[in-house]
2 protein chains.
Amino acid sequence: MSPAGAPLTHPTREMPANSNALIRRLQSLSRLTPTERSALWELLHAWEWVPAGAVIEREGDCSGAIHALLAGLACRHKDFRDGRRQIIAILFPGDLSRNLGGAARPTDHHVRALTRAKVVRIALHHLEAVIEANPGIERALHTATIVEGAVLRAWIVNLGQRQAHERLAHLFCEIAHRMANCDLSRPDGSFELPLTQKELGAALGLTSVHVNRVLQKLRAEALVEFDNGVLRIREMERLRGIANFDPAYLSNWGHGQAP
Amino acid sequence: MSPAGAPLTHPTREMPANSNALIRRLQSLSRLTPTERSALWELLHAWEWVPAGAVIEREGDCSGAIHALLAGLACRHKDFRDGRRQIIAILFPGDLSRNLGGAARPTDHHVRALTRAKVVRIALHHLEAVIEANPGIERALHTATIVEGAVLRAWIVNLGQRQAHERLAHLFCEIAHRMANCDLSRPDGSFELPLTQKELGAALGLTSVHVNRVLQKLRAEALVEFDNGVLRIREMERLRGIANFDPAYLSNWGHGQAP
DNA sequence: CGGTTGATTGAGGCTGCTCAAAAGGTGTGG
DNA sequence: CCACACCTTTTGAGCAGCCTCAATCAACCG
């Protein structure tokens with residue numbers, strides 16, 4: 001809890017680095033020096049809460065800023081004119097709205113808060129200046145981009161090859177692992193997941209009606225409980241078997257430190 | 001053909017940089033100095049041809065090397081034990097088997113030649129040394145990663161929301177644009193695309209039987225011709241309309257130079 | 001010529017969609 | 001406190017997109 005303030009020059013007593021989701025994330029991807037941690041900390045103090053449903057970044061935006069999610073859940077999604085919506089990715093605390101290096105391009109999708117969310121806007125020139133002085137941060141950000149790419153590929157496989165119940169099972173497995181990585185799981189393994197069935201459908205390429213029926217089947221087989229925005233996976237092993245889920249893609253073996 | 005052992009002081013007459021697909025690609029993503037171009041050239045002289053179907057990189061591989069595709073087509077794909085296969089991405093000349101920074105992790109999918117392909121293996125430590133001396137190369141590689149991410153997101157939308165005929169139309173549009181970017185289109189806009197209907201199905205999450213029927217419909221409406229491994233889009237505008245295709249995600253506006 | 005691979009066609013069936021309506025929950029205003 | 005609107009979940013009936021299985025045809029190759 002307390003900052004573990006090992007002074008280099010003298011990293012402030014005010015920097016509870018471990019309480020910041022982005023710093024925690026980057027630290028798990030690549031080692032950060034105390035200087036780098038405090039440089040990050042400087043970027044992140046002007047956060048604010050936004051309500052569920054708020055648009056964090058609009059499609060077409062090229063305002064020269066990126067946003068970091070510090071608490072809550074968000075998603076990337078693309079809307080069609082006829083009402084179809086695809087959720088492309090789910091963002092957890094510590095995720096960024098854009099990848100470094102692509103920040104100058106207009107975004108091709110919306111980023112939206114799925115829950116009340118703690119968000120900080122980071123001006124691009126500001127971030128670049130910090131990176132300039134702290135190459136370790138750049139390395140960590142690029143590693144984050146790599147892991148995100150692996151998740152996108154897993155989603156493609158999920159949408160392309162699996163049937164509805166396998167698809168939902170896989171999504172639940174992924175979310176459970178990422179929740180645990182963010183320390184958002186309760187002791188019994190359950191966690192808050194305030195997604196509607198419509199939103200699950202938008203992530204899975206299914207209608208909310210069908211999600212409902214599939215969910216009932218998973219419930220009936222005592223695999224999961226999902227009520228009141230809380231998901232509890234009762235039999236992870238069987239669920240993993242159904243989904244053919246392998247969590248390797250979510251971690252960063254090989255580079256930096258392992259979780 | 002000949003390795004062009006150029007001293008980096010004088011940018012040799014032997015370096016037809018524009019004849020190398022990777023150099024051309026990176027150049028289009030970010031400006032490269034002559035020194036950087038020749039440093040890249042050094043990395044790429046030991047290429048070889050591999051036959052169609054050859055595995056370029058195996059799932060689970062962590063050999064400390066990445067592969068660059070210099071000619072031909074390749075794909076990333078994931079296989080299930082029961083025979084299902086999803087093609088996750090199509091690689092064009094100038095694409096890499098892995099993203100820089102993730103090269104030390106074991107790959108989570110196969111990379112396979114779709115046609116006879118010109119491939120060069122690049123040892124990781126070698127690449128890192130070159131990047132160390134030429135930061136412009138690193139920037140270009142990261143931009144390539146960003147663009148690749150945009151393509152993955154477009155595939156997720158395609159698989160999740162579009163019906164078979166829209167899906168196929170979208171894939172054809174994407175391929176046509178990327179072919180043109182690689183100067184692989186003929187004057188009449190047609191190009192070689194030696195994919196089987198089974199492979200198209202594996203990319204689109206459809207069976208080859210259904211791909212066949214959808215293809216017939218597109219043909220019947222005079223939208224495309226697809227015979228003998230050659231695709232010709234006869235009415236790009238209408239095809240784009242069906243697919244709801246917007247090519248913006250394939251380019252790199254904002255950073256470096258525009259195509 | 002037989003063997004193999006890919007394209008094509010047909011019949012039938014299942015998964016997941018559409019349309020519709022009812023039930024449960026929540027917040028708002030009278 | 002109730003009435004009302006609104007959203008989400010749930011359920012049902014019918015349909016359609018896509019799959020499965022199977023067979024035929026065409027091209028290529030040793």
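In what follows, chains are A, B, ... by sequence order, proteins preceding strands, each numbered from 1. Values below: all heavy atoms of this structure, side chains included; hydrogens, waters and symmetry mates excluded.
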Between [N] ([atom2]) and [X] ([atom1]): distance, integer Å:
X: B:Leu114; N: C:dG6; atom1: CG; atom2: C1'; result: 16 Å
X: A:Leu200; N: D:dT9; atom1: CG; atom2: P; result: 8 Å
X: B:Asn228; N: C:dG6; atom1: CG; atom2: P; result: 14 Å
X: A:Lys198; N: D:dT9; atom1: NZ; atom2: P; result: 10 Å
X: B:Leu159; N: C:dG16; atom1: CG; atom2: C1'; result: 16 Å
X: A:Leu168; N: C:dT15; atom1: CG; atom2: P; result: 16 Å

(request) Mark up nucleotides 8-14 of chain C, 5' to 3', with B wherever a protein heavy atom is under 4.0 angstrom from a base atom, S wherever such an atom reaches only the sugar-phosphate, and - elsewhere. (result) BBBB---
(request) Name the orientation class of the two ring planes belonging to A:His170 and A:Tyr249 (parallel below 30°, tilted from 30 to 60°, perpendicular beyond 60°). (result)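 A:His170 and A:Tyr249: parallel rings.
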(message) Minimum heavy-atom separation for A:Ile88 and A:Leu152, please, with both atom names.
(response)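 Looking at all heavy atoms of both residues, the closest pair is O-CD2, 3.9 Å.
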(request) Could you pull out the closest heavy-atom pair between A:Gly72 and A:Pro93, with the gap in Å? (result)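 Minimum heavy-atom contact is O-CD, 3.4 Å.
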Using only atom types and a distance under 3.5 Å, with no angle test, would you say the side chain of [X] pairs donor to acceptor with the backbone of [Y]?
X: B:Gln86; Y: B:Ala203; result: yes
X: B:Asp246; Y: B:Ala248; result: yes
X: A:Arg234; Y: A:Glu225; result: no

(message) Holding to side chain to side chain donor-acceptor pair (under 3.5 Å), I want the full list of residues that pass it with B:Asp79, two or more places apart in sequence or in another chain.
(response)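 B:Asp79 satisfies side chain to side chain donor-acceptor pair (under 3.5 Å) with B:His77, B:Arg85 once adjacent residues are dropped.
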(message) Just to verify, what does B:Gln163 make a side chain to side chain donor-acceptor pair (under 3.5 Å) with, not counting sequence neighbours?
(response)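 For B:Gln163 there are no side chain to side chain donor-acceptor pair (under 3.5 Å) partners, ignoring immediate neighbours.
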Would you tabulate the nitrogen or oxygen pairs shorter than 3.5 Å linking the protein to nucleotides 16-18 of chain D?
residue: D:dC18; atom: OP1; partner: B:Ala164; partner atom: N; Å: 3.0
residue: D:dC18; atom: OP2; partner: B:His210; partner atom: NE2; Å: 3.2
residue: D:dC18; atom: O5'; partner: B:His210; partner atom: NE2; Å: 3.4

(message) Restricting to side chain to side chain contact (heavy atoms under 4.5 Å, CB included), what partner residues turn up for B:Asp61, sequence neighbours left out?
(response)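 With sequence neighbours excluded, B:Asp61 shows a side chain to side chain contact (heavy atoms under 4.5 Å, CB included) to B:Glu57, B:Ser63, B:Arg98, B:Thr107, given in chain and number order.
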(message) Both atom distances under 3.5 Å, Watson-Crick or G-U wobble: I'd like the secondary structure of DNA chain C as a dot-bracket string, with | for pairs made across strands.
(response) ||||||||||||||||||||||||||||||
(message) Looking at B:Asp95 and B:Arg178, is any side-chain nitrogen of the basic one under 4.0 Å from a carboxylate oxygen of the acidic one?
(response)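 A salt bridge links B:Arg178 with B:Asp95.
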(request) Give a yes or no on whether a salt bridge exists between A:Glu166 and B:Arg84, defined as a side-chain N under 4.0 angstrom from a carboxylate O. (result)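 Yes, this pair counts.
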